[in-house]
Peer 1: 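First, the structure itself, so that you have it in front of you.
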Amino acid sequence: MAAKAEPWQTAEVPGPKKAMVITNPRIVAALIRRSKNPVLIVGSMAPRIKLSGGDLVDYAIRIAEAAGMPIVSSPSVLGEFLNRGFRRVLSMPVVDIANRLTDADWKGVENKGQHDLAIFMGFKYHVCWLILSGLKHYSQNLKTVSLEMRYQPHALWSFPNISEEEWEKNLNEIIKEFKQDKMILNKVKEVKE
Amino acid sequence: MAAKAEPWQTAEVPGPKKAMVITNPRIVAALIRRSKNPVLIVGSMAPRIKLSGGDLVDYAIRIAEAAGMPIVSSPSVLGEFLNRGFRRVLSMPVVDIANRLTDADWKGVENKGQHDLAIFMGFKYHVCWLILSGLKHYSQNLKTVSLEMRYQPHALWSFPNISEEEWEKNLNEIIKEFKQDKMILNKVKEVKE
Amino acid sequence: MVSEKNIRVKIDELRSSIGLLKGVEFSIGKVVSEEWLEEIGPTQFPKITDLREWDFKLLQRYKPFYMPFCDLCCLCTFGKCDLTGDKRGACGINMSAQQSRIVLLACCIGAATHTSHARHLLEHLIEKYGRDHPINVGGLNVEVEAPITRLVCGVKPRTLGDLEEVLNYLEQEIVRLLAATHTGQEASNLDFESKVFHAGMIDHVALEVADIAQISALGFPKADPEAPLVDIGLGVVDSTKPVIMVVGHNVPSAAAIVDYLVENGLYGGVEVVGLCCTAHDTTRYNPKAKIVGPISWQLRFIRSGLADVIVVDEQCIRADTLIEAQKVKAPVITTSDVNCGGLPDRTKDKVEKIVEDLVLGGQPGAFILDPEKAAEVAVKTALLIAPKRMKFKAIPDVSDIVEGAKKCRKCDDCRRACPNDLPIRDALAKVLEGNLNALASLYEACIGCGRCESACPVDLPLHSYIVKAAEKRIKEEKYKIRVGRGAIQDVEIRNVGSPIVLGEIPGVVAFVGCANYPNGGTEVAEMAVEFAKRRYIVVASGCAAMSIAMYKDEEGRTPYEAFPGAFDAGGIVNVGSCVSNSHIAGAAIKIANIFAKRRLRANYEEIADYILNRVGAVGVAWGAMSQKAAAIASGFWRLGVPVIVGPHGLKYRRMLLGRKDNPEDWYVYDARTGEKVYVGPAPEHLFYAAETKEEAMVMIAKLCMRPNDTTKGRAIKLSNYIDLHKRFFGTIPDDIHLFVRTLADVPLTMREEVIKVLEEKGWKENVIPDPTLLPRLVKKKVGE
Amino acid sequence: MVSEKNIRVKIDELRSSIGLLKGVEFSIGKVVSEEWLEEIGPTQFPKITDLREWDFKLLQRYKPFYMPFCDLCCLCTFGKCDLTGDKRGACGINMSAQQSRIVLLACCIGAATHTSHARHLLEHLIEKYGRDHPINVGGLNVEVEAPITRLVCGVKPRTLGDLEEVLNYLEQEIVRLLAATHTGQEASNLDFESKVFHAGMIDHVALEVADIAQISALGFPKADPEAPLVDIGLGVVDSTKPVIMVVGHNVPSAAAIVDYLVENGLYGGVEVVGLCCTAHDTTRYNPKAKIVGPISWQLRFIRSGLADVIVVDEQCIRADTLIEAQKVKAPVITTSDVNCGGLPDRTKDKVEKIVEDLVLGGQPGAFILDPEKAAEVAVKTALLIAPKRMKFKAIPDVSDIVEGAKKCRKCDDCRRACPNDLPIRDALAKVLEGNLNALASLYEACIGCGRCESACPVDLPLHSYIVKAAEKRIKEEKYKIRVGRGAIQDVEIRNVGSPIVLGEIPGVVAFVGCANYPNGGTEVAEMAVEFAKRRYIVVASGCAAMSIAMYKDEEGRTPYEAFPGAFDAGGIVNVGSCVSNSHIAGAAIKIANIFAKRRLRANYEEIADYILNRVGAVGVAWGAMSQKAAAIASGFWRLGVPVIVGPHGLKYRRMLLGRKDNPEDWYVYDARTGEKVYVGPAPEHLFYAAETKEEAMVMIAKLCMRPNDTTKGRAIKLSNYIDLHKRFFGTIPDDIHLFVRTLADVPLTMREEVIKVLEEKGWKENVIPDPTLLPRLVKKKVGE
Ligand code: SF4
Ligand code: SF4
Ligand code: SF4
Ligand code: SF4
Ligand code: SF4
Ligand code: SF4
Ligand code: SF4
Ligand code: SF4
């Protein structure tokens, strides 16, 4: 695991503070559950990354819906979300959302105040690397999670460098976690009713 | 283990190529055995580092004697070796020995030609760090091993950051390995005779 | 006020040692500054802090957002220091100050490069053409010959010699700025940023000095919208002839080669081909020269073996040129003291002896500081060595690629080393299936850096594999580029000033900088063509200008053939090499001066305020990679021109971002009343990195909006913005309410959908002020 | 030849526009250069490559050994690039070129800092004292007033005004050198190293310009061996008075404070204490001022709360001064455009208003570019704020330390952040056992960087803990330092020239540079005392000169009290601040010029060759940390003076090491015969980092040997070398056979043991030549 948790681009060495490795997708689910105001940030590569169960836009939608959180999408991906019927999405250049995430007074994508968790997927490697660097240094109350296929050292949590198969499996497991949650919740509701 | 194999001085991040972690002292013994012309390089801190079984000069002598290799000592430690009756030692500033180790034509400390293995102990952390960096980049046929207590990322092999106790145990095990060698060799000889 | 002071030095010397020459004082003063009648403004030869107030106004609105490229600082032996989060280094510095310090360092390097380039070029030209050689960049068509120099320095250079004092000032400022990066100097990131702006301004003056000097002395096109079209592309080289390749930015040795060939009747017999800006400038000198391409073509062209002799001057030259050239047995001549390349100094040796050593002695190259001698050696060597070399190349055959592919360990180290994350290993795997297409398809996005090869544990020459796989396509790389025209004519400014300022020409879009593109140069060409079609004024320079050429429309026309070279709506204007970027800034300044009659001389703040609020100009450096590019960008920022970079531009480690959601940031003074008026986020950002070409294009359209737009102009700009947004993103933008001041701003054809957004957002009507950020420009104070 | 050229500019202007002033040409030429009769040498105002041949000779013998401080390059957005081993970056650069490029960058920053310091200082002095103010650094005692400037530039400055042209040249060269660090410029590491030397040479000129200007104008001691003794140490501050602390390197604001106090009869009532070089220069200006200490004392002194107002100028100022000062409620005044600190620009505001804002308005500080105004504000603020602040401090009580120790998580992050790997956690653990000694014992080796505090996850103010623990000791920190004397007198040179060159004075050892010591400043003092006792000439400057003061012998005398201040055997000479380092280089040059009568003017190679082969001078920068220190060191290298640094100096990432085991490296020409003669490895290294003080001392003795030593001189040097080696390492050195040329070289008292070594090593006798590396200095060619 250790060797795999190296920056994917060999030279993009971050420094002393490096992302913890997500050894189990449940960690992600737990982080989201514990978050008061999470946001999923999806980059311009998302529609171009095709997995067996859909492209990364599909996965973003599934995760956002399962976990009940809004998406901020890179402008060029906005249409993809809307076309697929996902509405809880705001389009914003990634530098803008990152900049806002460093402002304690920002009201957040849904006017609920600053976010405490930002989850990233669908970016060029070095773009995500740098954006996460900005957040690591300048938004110390924000937890960041990378769901990219490659280790993102500037996140607080990241997958290591994994295969496409493993990646897809992990994404599915995160979604499953929440589905189970919902089932349980529904059951609880049923019981209560 | 992974977290422990970080530079001891937090900021002395090396870059993409980092030392393999010596998980078992036998690795060191094996490296020395496989080497045609090893050398042990001992720094100025050696006499000041006291372990329960002696200071680092003692350990250097034990290792060199057990493994049958010469020592290059920092000038200020030379007297310590001589006083303890160890004669297979050459005194040389560490920058000089390092510089010579990058010269393919150098004849080595005992005129047997360039060394293929250099083992380091007894240096200030950053001194060893930088010297090993020079060797990593400029003596590509040389294997380097750090026997320091702290992870030295520019070596080819290094202990991770370990406790003094663990360190001493490891050093003793290396020595033991060679003693066993010698016992076996002696036995072989006995049998042959 | 360096220049003035230096002049005084002389006077005092005269006075103190000779006594009787007191009257000289006035005469000297007159020469340099007093024959120009325009009243001097407040900031002549400004020092670092003279424009700090203006900088802080910009930085207040466009706050730096840092993305550290490294958590550490390693600038002194107190370090390395870990600056993560709120940690401080051993010198007490924090991360924001450190990041801005590195940006300043980069801009100092950039400005120093242009300034010393200008200095050496000028020394050479003065030696050759005399100190009195007049500055002439466009004859009667260009009266404002040096808008940046006039603006910054408050002097009006008439001759080459006049430019020397300007350079003295630039050097003094750069040294001071560089000093600020020393451990234990500047403590505040905002002050570092202000210094970054200063470095950028200095850089722009240097660009202008260099280009107007060479235009004047070397007979480059003088503001000619119809500068000739020349050949560009790897496929244009006539390989039957001896080929001399010139690389770099400083034209004297290349010009000397052309001269030598012409003088000796050899011109038809030898090909002179250029790479990077020296290529631009060689074609400006003689349009028979040819251009290979931008910096990213260096490795592939050297390895092609077509060049028999390689002459490098300075800047953007691969550091391994000598190693690569030796692979194809082509001698290298270095000609600049900033890149001697470790070669023996042959400057004082006899030409014949040098040639002999290169041709017969097998010496890898020579360092020759004298351009004329270097030229003669280059030509003679090329003629003699060409038959021996027989275009010996270092590009593999297909069978080599197959062999290589077999050796591949599938470690992916190549991809992990590739700046563009290209899937080389996968492409090699396809080779073993007999398919070279995957490899060939990497060609466009490959910036030719060679890092994949360095990384490969089995030393496969992967870049060469890609080039070989794309061979057919490369042979077809034959395009046309319009020679760099230099300055913009005053009359062109007069004609477009009003439509630009009022918004009827929706904007001036400048494609500049290097070739570190994320997906290849075609993107630049596509952007340029799109905006030219939309009747923006498109200008270009450097590598970007070359990339624009390497594109053909359905009818097979390159953009320079399809669009006119005039500085007018729908033109695509190649100004020239990197130093010609000065004409782009110059055009913006001239709009304020010539069209709007704002005083130019040493009046920086007012002009920058004018541009920021009124001139819808945007710089796009899609492949910006160098420290020079950083300096050029910062020169634009201080002048109020926003700059967009491609995704690699994030590595400049900080953006200057506006917050459209903070209304308080977008107030200006109404110069008519002194009231503070909300004008919306126009322009929204000062430095912005886009992830994709589409994102960049929408942002270009958006950043062209300025507070002063007339309703008609704003409607045109909005319609471009909305149209592009819809086309690329599928929706109408959700921020248009911020840009509609009155209903007259709403584009007629989009009325319904826009009004819908306005209603949703609770839009209210605003006034359109006479906008300024400078209280002193308010004609009537509130309450007066 | 910049200066000449600039002069010509003026002339041409006169000629072209006025016509009748042709004769001026000669007069002007005369002023600057022709009144000095010495014939001009070959390298006036040398350009980068003019001394390349000399540099390559040095680099051939002293090859760079690189220890990369990082495997990566991150200088442009092509990067980061992994340059490990033989990899190349995206620009084609390799690791050696990259490391030397970074060294060049550091030296450019250093040289720029000194040059712009000189420029600003000179501007200020000219404004105040006039351009015609004469250069006078030692009256009749110093005829060669500017040895470095004469040597490098070939001009002889007579007035402050004459120095401006020199600065123009320096600025031009720095900008050019900086340009070479741009991506895609210099490709060869050796050429980068040659440029490093050039930057160093430029830096030395800048140092000289700055110091001779301030000595001349401000009445500093003029080459006075008996300059007064002043107080130094944290314990010398009279805390009953209002205290103004001045920090930095550029004296005008500190001098203005002294002036203002004197003029207003306030001098006795206010303490002016200095840190770093401004402290040196303030005492040179007025010996009633006091020195707190070197750079590493900044944090502890601010936190002590003793300073009521902090005035910073430029260089070596902690970037967190404002934050730390706010903790103790002391306002900060920034006075330099290279360190504005983000404070509001109050330069044009009224003094009373600024004071009010600082004292009553609670403003943290002000940026005031005008030294006189800054001074007035500082004094008035100090007087008013002192009673309010009541020396409010940020140093904890012992009970706080105990509480802190309880909170400690034992993570060791503090130690891992500490440059000197100090066991802070262990010391804190001892505190809980009621023992503060372990903490106090860290004080000496603590360089006051504060990184431990930044690293601590529970935010313990660890540096303050250490300071508090050592409180008793700190109160006793009362020492004496001799005020910086400036230049060395010509007569002193005449007296010591012969014994130095012949070897009878075994060497000149210069302790210079910053306070990044591995084990505290005492080591520097001990080294200085040892060599003074051995009758070397010991010189010192900057922080090192301060550290030497902070030491007492058995009789309680500080070194400056125990040893004379004369430039003679056994003297300890404080030349002054960092810019006074020029007098050390100057002394070496003057030995060649005044004693040996070598021509000085623009005759660089010959003088450097002379020094390398004959003047046993060694620089020791035990705590060197800055880019300035790097530049100063490289100035010494080009001049043939080896430099030793402490272990942190390895972080400069390359050494220049000789190989004594390669005899072929140690041949020189015998100037008498032209023959090549083996002279042994003297001096063995050009840039060397020692692990320990002992190692450094033995190396100092060894590096003082030079090929020209007489047998008597060599015997003395050898006996020092052998004696120190035996004392510290317990054995006779194993390389003495390389330094014994004839048996007469063998020290009499060591004859037996030396001969034994010689026999073991198969030593053979050698001749002692008239050594030179320059073929042109050979009087008679072999075979002639
Ligand atoms: S400049 Fe400051 S932060 Fe950088 S290494 Fe030096 S002390 Fe550390
Ligand atoms: S040469 Fe091309 S493929 Fe290779 S690393 Fe560079 S950009 Fe990638
Ligand atoms: S680096 Fe070389 S061996 Fe590794 S995958 Fe790439 S081509 Fe194959
Ligand atoms: S545009 Fe950039 S890469 Fe191209 S030549 Fe200019 S600086 Fe170099
Ligand atoms: S700043 Fe650059 S050179 Fe320095 S440690 Fe970081 S990556 Fe390495
Ligand atoms: S300067 Fe060269 S090695 Fe450094 S980052 Fe840029 S391309 Fe890479
Ligand atoms: S302040 Fe002292 S103890 Fe703390 S890290 Fe710095 S040197 Fe070490
Ligand atoms: S960093 Fe702080 S908590 Fe950790 S060991 Fe040091 S003092 Fe204790």
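In what follows, chains are A, B, ... by sequence order, proteins preceding strands, each numbered from 1.
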Peer 1: With a 4.5 angstrom heavy-atom cut-off, could you sort out which part of C:Phe192 is near chain D: side chain, backbone, both or neither?
Peer 2: neither
Peer 1: Considering only heavy atoms, which portion of C:Asp191 lies under 4.5 Å from any heavy atom of chain D: side chain, backbone, both, or neither?
Peer 2: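 Just the side chain, heavy atoms under 4.5 Å.
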Peer 1: Under a 4.5 Å heavy-atom cut-off, does chain D meet the side chain of C:Leu299, its backbone, both or neither?
Peer 2: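 Neither part.
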Peer 1: Shorter than 4.5 Å, heavy atoms on both sides: which option in C:His648, C:His120, C:Glu314 has the most such pairs with chain D?
Peer 2: C:His120
Peer 1: Could you tell me which portion of C:Pro344 (side chain, backbone, both or neither) has an atom closer than 4.5 angstrom to a non-hydrogen atom of chain D?
Peer 2: backbone
Peer 1: Tell me which of these, C:Leu369, C:Leu343, C:Val247, C:Val645, has more heavy-atom pairs under 4.5 Å with chain D than the rest.
Peer 2: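 Among the listed options, the one with the most contacts to chain D is C:Leu343.
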Peer 1: Determine the option with the most heavy-atom pairs under 4.5 angstrom with chain D, choosing from C:Ala630, C:Ala90, C:Gly623, C:Cys81.
Peer 2: C:Ala90
Peer 1: When rounded to the nearest 0.5 angstrom, what is the spacing between OG1 in D:Thr77 and CE in C:Met625?
Peer 2: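 If I round to the nearest 0.5 Å, the distance is 7.5 Å.
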Peer 1: Is it the side chain or the backbone of C:Cys91 that comes within 4.5 Å of chain D heavy atoms, both, or neither?
Peer 2: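 Backbone only.
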Peer 1: Within the side chain of C:Gln185, is there an N or O that forms a donor-acceptor pair under 3.5 Å with the backbone of D:Asn339?
Peer 2: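 The answer is no, because no donor-acceptor pair under 3.5 Å joins these two groups.
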Peer 1: How long is the straight-line distance from CG of D:Leu83 back to CZ of C:Arg451, given to the nearest 0.5 Å?
Peer 2: 9.0 Å
Peer 1: Which residue out of D:Cys70, D:Ala112, D:Ala180 racks up the most heavy-atom pairs below 4.5 Å with chain C?
Peer 2: D:Ala112
Peer 1: Rounded to the nearest 0.5 Å, what separates atom OG1 in C:Thr183 from atom CD in D:Gln627?
Peer 2: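 Rounded to the nearest 0.5 Å, the OG1-CD separation comes out at 3.5 Å.
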Peer 1: Going by an N to O cut-off under 4.0 Å, is there a salt bridge joining D:Arg88 and C:Glu324?
Peer 2: yes
Peer 1: What part of D:Asp313 gets within 4.5 angstrom of chain C, counting heavy atoms only: side chain, backbone, both, or neither?
Peer 2: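 The answer is neither part of D:Asp313.
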Peer 1: Under 3.5 Å, is there a donor-acceptor pair between the side chain of C:Glu186 and the main chain of D:Gly341?
Peer 2: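 Answer holds: yes.
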Peer 1: Nearest 0.5 Å please: distance from the CD atom of C:Gln172 over to the CG atom of D:Leu167.
Peer 2: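 Output value for this atom pair is 8.0 Å.
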Peer 1: In plain terms, say whether D:Asp337 and C:Arg176 are close enough for a salt bridge, that is, a side-chain N and a carboxylate O under 4.0 Å apart.
Peer 2: yes
Peer 1: Is there a salt bridge (charged side-chain N to carboxylate O under 4.0 Å, His left out) between C:Glu171 and D:Arg119? Walk through the geometry before answering.
Peer 2: CA-CA 12 Å; C:Glu171 286 157 353; D:Arg119 171 67 80 181; over 6 Å; no
Peer 1: Heavy atoms only, distances under 4.5 angstrom: which of D:Pro419, D:Cys74, D:Ala106 has the most pairs with chain C? Name it, please.
Peer 2: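 Top count of heavy-atom pairs under 4.5 Å with chain C: D:Cys74.
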Peer 1: How long is the gap from NE2 on C:His182 to CD1 on D:Ile317, to the nearest 0.5 Å?
Peer 2: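 Those atoms lie 11.5 Å apart.
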Peer 1: Could you check which of C:Gly450, C:Ala624, C:Gly79, C:Cys276 has the highest count of heavy-atom pairs closer than 4.5 Å to chain D?
Peer 2: C:Gly79
Peer 1: Which atoms of C:Cys514 come close to chain D, meaning under 4.5 Å heavy atom to heavy atom: side chain ones, backbone ones, both, or neither?
Peer 2: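 For C:Cys514, there is no contact with chain D at all, as no heavy atom is under 4.5 Å.
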Peer 1: Taking C-beta and beyond as the side chain, do D:Leu105 and C:Leu105 meet within less than 4.5 Å on heavy atoms?
Peer 2: yes
Peer 1: Looking at every heavy atom in both C:Arg52 and D:Cys340, which two are closest together, and how far apart are they?
Peer 2: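 Taking C:Arg52 first and D:Cys340 second, the nearest heavy atoms are NH2-CB, 3.6 Å.
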Peer 1: State which residue, out of C:Val175, C:Leu177, C:Leu178, C:Ile174, fulfils the side-chain contact (heavy atoms from CB on, under 4.5 Å) condition with D:Ser116.
Peer 2: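 It is C:Val175, the one option of C:Val175, C:Leu177, C:Leu178, C:Ile174 that forms the side-chain contact (heavy atoms from CB on, under 4.5 Å) with D:Ser116.
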Peer 1: Quick one: which of D:Ser454, D:Ser626, D:Gly448 has the most heavy-atom pairs under 4.5 Å with chain C, could you say?
Peer 2: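 Of the options given, most contacts go to D:Ser454.
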Peer 1: So which residue, D:Phe367, D:Phe78, D:Phe56, D:Tyr652, ends up with the most heavy-atom pairs under 4.5 Å with chain C?
Peer 2: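 That would be D:Phe78.
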Peer 1: Looking at C:Lys195, C:Lys80, C:His114, which makes the most heavy-atom pairs under 4.5 Å with chain D?
Peer 2: C:Lys80
Peer 1: When rounded to the nearest 0.5 angstrom, what distance separates SG in C:Cys76 from CG in D:Asn516?
Peer 2: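 C:Cys76 SG to D:Asn516 CG: 7.5 Å, rounded to 0.5 Å.
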